[in-house]
Engineer: 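Following this message is one structure expressed as C-alpha cells.
Note that the structure is predicted; figures quoted are calculated from it, not measured. To find a chain, count down the sequence lines: A is the first, B the second, and so on, and within it residues start at 1.
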There are 2 protein chains.
Amino acid sequence: MKFEAVTIKDIAKALGISTSTVSRALRDSYEISPETKQLVLDCAEKLNYRPNPIALSLKEKRSRSIGVVVCEIANSFFSQIINGIESISYDRGYNVIISQSHESYEREVMDLRYLASRSVDGLLISVSTETNDISHLKALHEKGLPIVFFDRITEEINTHSVIVDNFKGAYEATEHLVQNGYKRIAAIANSEFLSITTERLAGYREALLSNGLPPDDAYIKHCFYGGMIFSEIEEAVNRLFTLKQKPDAIVTMADKLTSGCLKTLKRRGLTVPDDIALVGFSNSDIAELISPPLTVVRQPAYEIGRDATELLLQLIESKRPVKQFEKRTLTPELQVRESSFPKK
Amino acid sequence: MKFEAVTIKDIAKALGISTSTVSRALRDSYEISPETKQLVLDCAEKLNYRPNPIALSLKEKRSRSIGVVVCEIANSFFSQIINGIESISYDRGYNVIISQSHESYEREVMDLRYLASRSVDGLLISVSTETNDISHLKALHEKGLPIVFFDRITEEINTHSVIVDNFKGAYEATEHLVQNGYKRIAAIANSEFLSITTERLAGYREALLSNGLPPDDAYIKHCFYGGMIFSEIEEAVNRLFTLKQKPDAIVTMADKLTSGCLKTLKRRGLTVPDDIALVGFSNSDIAELISPPLTVVRQPAYEIGRDATELLLQLIESKRPVKQFEKRTLTPELQVRESSFPKK
DNA sequence: GTGAAAGCGCTAACAG
DNA sequence: CTGTTAGCGCTTTCAC
C-alpha cells in the first residue's frame with residue numbers, strides 16, 4: 001500500500017541521459033550545461049520528482065533527525081520547549097523524534113536505546129527525575145553522538161547545555177515571599193540529585209539566609225517521582241503540616257509540583273494566600289486564571305528549546321570536533337499575582 | 001562527527017563468512033546451520049551490532065515513521081493526543097514526526113509537503129481551523145498515502161477517522177446550562193467549515209430547541225483563527241455584550257476558546273457564573289483549579305491518539321487495499337463544576 | 001548450508 | 001560537459 005515515487009532514474013530514462021547527469025543537474029553542478037540543466041529541471045518538475053531522503057541518509061550516513069527526550073509532552077513547560085525545538089528543526093530540515101521518559105529512569109534508558117537504533121544525528125535531553133546514574137548517556141556521548149542538555153543537565157558530560165538561572169528564579173521567588181511578610185517558607189522540589197533541584201534549593205536557602213531567616217531542612221520536601229504520582233505531592237504537603245511550626249508559604253520547584261501542591265491545599269480546605277501563600281515554577285498559560293491567580297517563576301521555554309536545538313545542530317554540522325562548550329543560561333521571570341499577596 | 005556503526009560486513013569479516021550468511025543467520029533463516037547461527041549471534045552481540053534502519057528503509061521502501069499534524073503541541077488536548085499516538089507508535093517501532101500548523105492553512109500545506117518528502121508511511125491529521133480546501137490531502141491520499149483523521153475530520157476523503165461524539169458533548173453542555181436556569185446561551189466556536197464546529201453547534205442548537213429555547217444566530221460567534229490571536233476571542237465576547245439581550249451563559253467549543261473566553265470575561269470584570277456562566281470544551285488538567293472551577297466537556301484525548309494510531313498502523317501494514325473504513329466515535333464527559341452553577 | 005551478485009535511490013570518483 | 005562505475009547497509013534471488 002505505498003505509492004511509487006519518481007526517482008532520478010525515471011528522469012534519466014525520460015530524457016535518455018544518465019542518472020549521474022540528472023543528479024548533477026539537480027544539484028546545480030557547474031559541470032552541466034545550462035541546456036541540460038533546464039531540461040532536467042523541467043522534467044523533474046513535470047514528473048513531480050522528490051529526492052528520497054532515505055537514500056540520501058544512507059549515502060551521507062546521517063538521518064537528518066534528532067532525538068528529544070523529555071519526561072512528559074503534556075506539560076506546558078515541555079510542550080513549549082518542544083515547540084521551540086520544532087521550529088528550528090523544521091527550518092533546518094531536521095526531523096524531531098520525541099520520546100517521553102514519564103520520569104522513569106528505566107524508560108529513559110529504553111528511549112535512548114530506541115533513538116540510537118533509529119540512528120539520530122543528535123540528542124536533546126532533559127533527564128528524568130529518577131536519573132542519577134548517567135552511564136547510558138556517557139556511552140552514547142563517547143561513541144560520538146552529539147548531545148545537548150537542557151533544563152535538567154549534568155556536569156558529568158562535557159557538552160553544551162541550556163538552562164535558566166535556577167538559582168535566581170528560586171531566590172527571587174523566596175525573597176518575594178519574605179518581603180511580603182512570610183516567615184516559615186517551605187519548599188517542595190524534585191529528587192535531590194537533579195540539577196534543577198540543587199540549583200533552585202540553593203537559591204531558596206540563600207534568599208532565606210540573606211534575609212535573616214535560617215533555612216531548616218524540615219521545611220524542604222522532595223518528590224522522587226517528580227509528582228507523577230499525585231499522592232507523592234499530597235504526602236509532602238501533609239508532612240509539612242505536621243510540623244509544630246506550620247509553614248506560612250510554600251515554594252514549588254517545578255510545574256507539576258506547583259499544580260499538585262495547589263490541588264492539595266485546596267482539598268485540605270486551605271485558602272491561598274490567607275492560610276498559606278504559594279509561589280511556584282510554572283509555565284502554564286492560564287496561571288492568571290487560577291484561583292487565586294498564581295505567582296509564578298516562568299521560564300522562557302520556547303527559547304530554551306530553540307537555543308538547545310541551535311547548539312545541537314551546530315555540533316552536528318561542525319566539520320571539526322568541538323572542544324569548547326557553552327552553558328547558556330536564560331533568565332526566568334517572576335510574575336507576581338495574588339497567591340503571594342502580602343501577609344495580613 | 002559521527003560514530004562508526006558496526007555493520008553486517010564487520011561480522012562477516014570477523015568470522016570469515018559472507019554477508020548474506022550473516023544476514024540470514026540474524027534473521028534466523030532455516031537455511032543456516034545452528035552452529036553458524038550461534039557463531040554469528042555471539043559475534044553480533046560482542047561487536048554490539050545494531051541493524052541500520054535507514055538501509056532497511058531503503059530496501060523495504062518504508063520509513064517506519066508516521067507524520068502527525070496538529071495545530072499546536074502546547075495545547076493540553078493535543079499534547080494528550082500525541083501522548084497516545086506516541087505510546088502506540090513506540091511499541092510498534094514507528095517514529096512519530098510531529099508538525100504544527102499553528103492553525104494556518106498555508107503552514108499545513110507546507111507541513112504536508114515536508115512530511116511527504118520525508119516519506120512517512122502514514123499520516124495522522126487534525127486539520128487547521130483555516131482549512132476549507134483539502135485538495136492537498138486528497139492528492140496525497142490518491143497517491144496511496146494512508147491517512148487517518150482525528151478530531152477535525154473531513155468527509156471528502158474516504159478513510160478511518162476518530163472523533164468524540166461532538167454533538168452529544170455540546171448538547172449536554174448546553175442542556176446542563178438550560179437546566180440550571182440559563183436562558184440566553186451564547187456559543188463561541190471555530191471557523192464554520194470545521195467538522196467539530198458543525199457538529200458541536202448542531203448539538204448546541206438541538207439542546208436549545210428541545211428545551212423550548214429557539215436558537216438565535218446572533219448568539220453564535222466564530223473565531224476564524226481558532227483563537228490563535230487572542231483579540232479574536234476578545235472581540236467575539238465583546239460583540240456578544242453589545243446585544244440588547246446580553247447572554248447569561250456561554251458555551252465555548254474548543255480548549256483555546258475556553259481559556260481565552262474566561263480571560264476576557266475576567267478582564268471585563270465579570271464574575272462567573274453570577275454575571276455569566278461558562279461551560280467549555282477543555283482538556284486542561286487544572287480546570288478544577290481555575291477560578292471559578294470550570295465546568296468542562298472533557299475528551300478522552302489519549303484514547304483518541306491511541307485509536308487513531310492503531311487504525312493508521314492497520315492501514316499501513318495491511319496486505320490488501322482496505323475498502324471498509326471506520327469512523328470511531330468516543331464519548332466526551334461533562335464535568336460539572338462551579339462555572340455553571342444554578343442561576344440565582 | 002553457504003556464497004556471489006544484484007538492487008533499493010542517490011552521489012562521486014574516475015574516465016572520456 | 002557527460003557517462004560509467006562503485007558503494008552506502010541490507011535483503012534476496014540464484015548458483016553451487
Side-chain angles (χ1 to χ4, degrees), chain A residues 1-41 43-44 47-65 93 116-121, chain B residues 1-41 43-44 47-65 93 116-121 143-144:
Chain A
M1 260 288 56
K2 198 70 199 3
F3 54 106
E4 292 304 321
V6 175
T7 77
I8 219 173
K9 226 172 173 173
D10 298 317
I11 301 181
K13 203 177 296 169
L15 261 39
I17 59 179
S18 82
T19 59
S20 40
T21 305
V22 175
S23 171
R24 276 182 283 231
L26 290 171
R27 338 199 75 240
D28 200 26
S29 159
Y30 65 97
E31 328 175 81
I32 303 293
S33 74
E35 302 82 55
T36 316
K37 257 181 208 170
Q38 202 49 56
L39 229 53
V40 170
L41 255 32
C43 184
L47 297 179
N48 193 27
Y49 166 79
R50 301 268 167 249
N52 180 333
I54 297 171
L56 266 172
S57 291
L58 182 59
K59 184 114 249 280
E60 296 176 359
K61 290 172 179 276
R62 57 203 305 252
S63 58
R64 284 206 160 263
S65 66
S117 82
R118 298 297 305 208
S119 55
V120 292
D121 293 340
Chain B
M1 255 292 52
K2 197 69 203 351
F3 55 105
E4 292 305 320
V6 175
T7 77
I8 219 173
K9 226 171 173 174
D10 298 318
I11 302 182
K13 204 178 296 172
L15 260 39
I17 58 179
S18 81
T19 58
S20 36
T21 306
V22 175
S23 171
R24 275 183 281 234
L26 289 172
R27 338 200 74 243
D28 200 26
S29 157
Y30 65 97
E31 326 175 83
I32 303 292
S33 74
E35 303 83 53
T36 316
K37 258 181 206 169
Q38 202 49 54
L39 229 52
V40 170
L41 254 34
C43 184
L47 298 180
N48 192 28
Y49 167 77
R50 301 267 168 252
N52 179 333
I54 296 172
L56 267 172
S57 291
L58 181 58
K59 187 113 249 283
E60 296 176 0
K61 291 172 179 276
R62 59 202 303 250
S63 59
R64 283 205 160 264
S65 66
S117 82
R118 300 295 307 207
S119 56
V120 291
D121 294 341
K143 273 193 180 169

Engineer: So do the side chains of A:T21 and A:L15 get within less than 4.5 Å of each other, counting heavy atoms only?
Structural biologist: no
Engineer: To the nearest angstrom, how far is B:L58 atom CG from C:dA6 atom P?
Structural biologist: 18 Å
Engineer: Return no unless some side-chain N or O of B:K9 is found under 4.0 Å from OP1 or OP2 of D:dC8.
Structural biologist: yes
Engineer: Whole Å only: how far is the CD atom of B:E35 from the P atom of C:dG1?
Structural biologist: 9 Å
Engineer: Which whole-number value in Å describes the distance from A:K61 NZ to C:dC10 P?
Structural biologist: 19 Å
Engineer: Just how far, in rounded Å, is P of C:dT11 from CD of A:E31?
Structural biologist: 13 Å
Engineer: B:E60 or B:K37: which one's nearest nucleotide on DNA chain C is closer to the 5' end?
Structural biologist: B:K37
Engineer: Report yes if the side chains of B:I8 and B:L26 come closer than 4.5 Å at any heavy-atom pair, otherwise no.
Structural biologist: yes
Engineer: Does A:P34 reach the side chain of A:Q38, with side-chain heavy atoms less than 4.5 Å apart?
Structural biologist: no
Engineer: Could you tell me how far apart B:I11 (CD1) and C:dT2 (P) are, to the nearest whole angstrom?
Structural biologist: 15 Å
Engineer: A side-chain contact here means heavy atoms from C-beta on lying under 4.5 Å apart; do B:L47 and B:I11 qualify?
Structural biologist: yes
Engineer: Which distance, rounded to the nearest 0.5 Å, do you find between the OG of B:S57 and the CG of A:N52?
Structural biologist: 9.5 Å
Engineer: If each of A:K59 and B:K59 is mapped to the nucleotide of DNA chain D with the nearest heavy atom, which maps nearer the 5' terminus, i.e. the 5' end?
Structural biologist: A:K59
Engineer: Please round to the nearest 0.5 Å and tell me the distance separating atom CZ of A:R50 and atom OG1 of A:T7.
Structural biologist: 14.0 Å
Engineer: Can you measure A:L15 atom CG to D:dT2 atom P for me and round it to whole angstrom units?
Structural biologist: 11 Å
Engineer: According to a strict under-4.0 Å criterion, is B:Y30 in side-chain N/O contact with OP1 or OP2 of C:dT2?
Structural biologist: no
Engineer: Answer with base, sugar-phosphate or nothing: what part of the nucleic acid does B:I17 contact at a heavy-atom distance below 4.0 Å?
Structural biologist: sugar-phosphate
Engineer: State which of C:dT2, D:dG9, D:dT2 makes the closest approach to the side chain of B:T36.
Structural biologist: C:dT2
Engineer: Quickly work out the B:L39 CG to C:dG1 C1' distance and round it to whole Å.
Structural biologist: 14 Å
Engineer: Please list, by residue number, the residues of residues 18-29 of chain B whose heavy atoms come closer than 4.0 Å to an atom of DNA chain C; answer none if no residue qualifies.
Structural biologist: B:S18, B:S20, B:T21, B:R24
Engineer: Round to the nearest Å and state the distance from B:I54 atom CD1 to D:dC8 atom P.
Structural biologist: 15 Å
Engineer: Are the side chains of A:S119 and B:P53 in touch, meaning some heavy atoms are under 4.5 Å apart?
Structural biologist: yes
Engineer: Where the side chain of A:S33 is defined as all heavy atoms beyond and including C-beta, which of C:dC10, D:dC1, C:dC8 is the nearest nucleotide?
Structural biologist: D:dC1
